[in-house]
Protein chains: 2
Amino acid sequence: MATGRTHRPATRSRGIPEATVARLPLYLRALTGLSERSVPTVSSEELAAAAGVNSAKLRKDFSYLGSYGTRGVGYDVEYLVYQISRELGLTQDWPVVIVGIGNLGAALANYGGFASRGFRVAALIDADPAMAGTPVAGIAVQHSDELEKIISDNGVSIGVISTPAGAAQQVCDRLVAAGVTSILNFAPTVLSVPDGVDVRKVDLSIELQILAFHEQRKAGEEAAGNNAEQADAPPLRATPASRKGPDGDVPAVMPA
Amino acid sequence: MATGRTHRPATRSRGIPEATVARLPLYLRALTGLSERSVPTVSSEELAAAAGVNSAKLRKDFSYLGSYGTRGVGYDVEYLVYQISRELGLTQDWPVVIVGIGNLGAALANYGGFASRGFRVAALIDADPAMAGTPVAGIAVQHSDELEKIISDNGVSIGVISTPAGAAQQVCDRLVAAGVTSILNFAPTVLSVPDGVDVRKVDLSIELQILAFHEQRKAGEEAAGNNAEQADAPPLRATPASRKGPDGDVPAVMPA
DNA sequence: ATGTCTTTGTGAACGCGTGCACAAAGATGA
DNA sequence: TCATCTTTGTGCACGCGTTCACAAAGACAT
């Protein structure tokens, strides 16, 4: 998962653990698939396999929602779809604005999964006056001057930021001031928001770096298998290449 | 954060906790900013604020890497940048392939943060023959027939999947068979991979649903403030709207 | 009606991650 | 050289999340 949790100060919402909430969409997706194939009931074991989790975990997750299963049989697919949808708040309509219609913003606007489950793109907003009026995914881009009015008129409470990093905090502030209380941030920056506002961030670069770490570790262990010494030595695979970053990435500067 | 962790079977790599690894890129970004402004040293308190974390957590994270600070002074910025980069494996070059050049794939190819830190887009691959040869972000798209050869020739170990959900598992299998051992998955599917292959997923839809949950909770609590009764009742804000899904989303079916 | 068999729901144990609070370390100044 | 002051590094406790293992519950057959 490429998501970064941000400050949740031990506020277990209505008794449902945050970790469970994060898995509910996963279950919902698996259940929707079963529903489309007209499967009437499903056991915790089967559903867990489809969602890629442990069956005990799944049962415990569902137990936070209530006793929706039938012992000896399993769970009623349609009923569970409805219960999870309701718990996640997907039975109501969520107007969403996307700010920053570059490559990524356009991709998000075109993303089918957006509209499919209660989320409706209320507006696309960009700071470039030249973009105003241009249709993207069938919706005309509006200039950021209109931001406050759009939020207010449409009762938008969820905003997506896909601007460059430099503009993100400013856009965030305006969204919050206009009434947005949930933000999905794609810009590589730490956003600071007042209490009561939720921020989730999606950061491609961080995900890649985490993968690189594990990749390097695999290569290091492999090399350690050949070598006799402890794996504490630097991995001796490939050329270190001595990266020359833009800001003078010198080999190493011993401190003091 | 919009990332989904996937199966890490308690394999704390080289003693560095997974949670710490996930934060290292955050620190690195903050440090790079300081480095560009030629700040020589930084205290754990300052750096923690810049990265949006607790200072004690930051110090503990760094303690897993070694004792790189100087008591009474703080951390040498350049030195720390180098150490974290090395630990994350960013001092070497990582060729990456992106499979599925739709809106999202194109956005990823154009994403600057990609190339900036050791990651190099080795190839863009798409299944549509009509796309072959089309330049995206300055790189000609290649047909998926070439996938195995590209992976092999360039020594690619990291693959990004931005195909539709239906094609993801198949692409994943081919990538793994060709030698890829780390996958960043943008398709809304659970990928199954053999042991030794790392998968991280980025799922926009899941992030939005988590936000919707908290948003609904806020609205519910607010309503409970006005109302006298317990907050266990359904939130009475806005119209439930009775979503009519594509697959017959009837109000509710009581089980048995 | 009774017994068997399947599957849920959960009590309990364990491990990881977080944050407090403080001792150790070193810089700085007299 | 010695005292003071700042900041690191970490021992410890606590809470959340995960997993095991099993009793309770219900379906189904006889």
Side-chain angles (χ1 to χ4, degrees), chain A residues 1 4-24 26-27 39-77 79-80 83 210 254-256, chain B residues 1 4-24 26-27 39-77 79-80 83 210 254-256:
Chain A
M1 184 163 61
R5 209 147 316 160
T6 317
H7 83 103
R8 176 134 356 278
T11 328
R12 283 215 300 185
S13 334
R14 154 87 169 293
I16 301 182
E18 189 61 24
T20 296
V21 172
R23 278 188 296 268
L24 290 181
L26 228 53
Y27 302 146
V39 177
T41 61
V42 65
S43 72
S44 65
E45 202 73 46
E46 293 165 328
L47 185 54
V53 302
N54 184 299
S55 73
K57 194 187 296 188
L58 179 142
R59 287 199 300 277
K60 179 145 289 194
D61 283 342
F62 285 175
S63 78
Y64 291 115
L65 307 183
S67 285
Y68 294 150
T70 306
R71 298 180 191 225
V73 175
Y75 300 91
D76 182 285
V77 172
Y79 185 63
L80 205 47
Q83 290 298 343
I210 295 172
M254 273 305 285
Chain B
M1 198 161 48
R5 207 147 314 160
T6 318
H7 82 104
R8 173 130 3 273
T11 328
R12 281 215 299 186
S13 336
R14 153 87 168 294
I16 301 183
E18 188 62 24
T20 294
V21 173
R23 277 189 297 268
L24 289 182
L26 228 51
Y27 302 145
V39 177
T41 60
V42 66
S43 72
S44 64
E45 202 72 46
E46 294 165 328
L47 185 54
V53 303
N54 184 298
S55 72
K57 195 188 297 186
L58 178 143
R59 286 198 300 276
K60 180 149 290 191
D61 283 342
F62 286 175
S63 79
Y64 292 114
L65 308 183
S67 287
Y68 293 150
T70 306
R71 300 180 190 223
V73 175
Y75 300 91
D76 183 284
V77 172
Y79 185 63
L80 205 46
Q83 290 297 342
I210 295 172
M254 273 306 286

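Convention: sequence-line order gives letters A, B, ...; per-chain numbering from 1.
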Which atoms of nucleotides 7-13 of chain D (N or O only) lie under 3.5 Å from a protein N or O atom, and what are those distances?
| unit_1 | atom_1 | unit_2 | atom_2 | d |
| --- | --- | --- | --- | --- |
| dT7(D) | O4' | Gly72(B) | N | 3.0 |
| dT8(D) | OP1 | Ser44(B) | N | 2.5 |
| dT8(D) | OP2 | Ser44(B) | OG | 2.6 |
| dT8(D) | O2 | Arg71(B) | NH1 | 2.8 |
| dG9(D) | OP1 | Gly69(B) | N | 3.1 |
| dG9(D) | OP2 | Tyr75(B) | OH | 2.7 |
| dG9(D) | O4' | Arg71(B) | NH2 | 3.0 |
| dG9(D) | N7 | Arg59(B) | NE | 2.9 |
| dG9(D) | O6 | Arg59(B) | NH2 | 3.2 |
| dG11(D) | O6 | Lys60(B) | NZ | 3.2 |
| dC12(D) | N4 | Lys60(B) | NZ | 3.2 |

Report task. For DNA chain D, write out the stems as range with range, using runs of 3 or more consecutive Watson-Crick or G-U pairs with both distances under 3.5 Å. Result -> C:1-30 with D:1-30
Could you report the tightest heavy-atom contact between [X] and [Y], atom names first, then the distance?
{"X": "Val39(A)", "Y": "Thr41(A)", "value": "CG1-O, 3.3 Å"}
{"X": "Tyr64(A)", "Y": "Gly15(A)", "value": "CD2-O, 3.9 Å"}
{"X": "Val42(B)", "Y": "Leu47(B)", "value": "CG2-N, 3.7 Å"}
{"X": "Ala51(A)", "Y": "Tyr27(A)", "value": "CB-CD2, 3.8 Å"}
{"X": "Ser55(B)", "Y": "Ala48(B)", "value": "CA-CB, 3.5 Å"}

Requested in this report: Sequence neighbours left out, what passes side chain to side chain donor-acceptor pair (under 3.5 Å) with Ser43(A)? Give chain and number order.
Outcome: Glu46(A)
Given atom [atom1] of [X] and atom [atom2] of [N], what is their separation to the nearest angstrom?
{"X": "Leu24(A)", "N": "dG17(D)", "atom1": "CG", "atom2": "P", "value": "13 Å"}
{"X": "Leu58(B)", "N": "dC20(C)", "atom1": "CG", "atom2": "P", "value": "14 Å"}
{"X": "Asp61(B)", "N": "dC16(C)", "atom1": "CG", "atom2": "P", "value": "16 Å"}
{"X": "Glu18(A)", "N": "dT18(C)", "atom1": "CD", "atom2": "P", "value": "14 Å"}

Query raised in the report: Out of Lys60(A), Arg59(A), Lys57(A), which residue meets the side chain to side chain donor-acceptor pair (under 3.5 Å) rule with Ser44(A)?
Result: Arg59(A)
Report task. Just jot down the salt bridge (charged side-chain N to carboxylate O under 4.0 Å, His left out) partners of Arg23(B), sequence neighbours excluded, or say none. Result -> Asp61(B)
Query raised in the report: With a 4.5 Å heavy-atom cut-off, do Leu65(B) and Leu24(B) have their side chains touching?
Result: yes
Between the protein and nucleotides 2-5 of chain C, are there any N/O to N/O pairs under 3.5 Å, and if so, what are the atom names and distances?
none

Query raised in the report: For the side chain of Asn54(A), counting heavy atoms from C-beta on, which of dC20(D), dT18(C), dG19(C) is nearest?
Result: dC20(D)
Query raised in the report: Can you name the residues that form a ring pair (Phe, Tyr, Trp, His ring centres under 6.0 Å) with Tyr75(B), not counting sequence neighbours?
Result: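 Expected list: Phe62(B).
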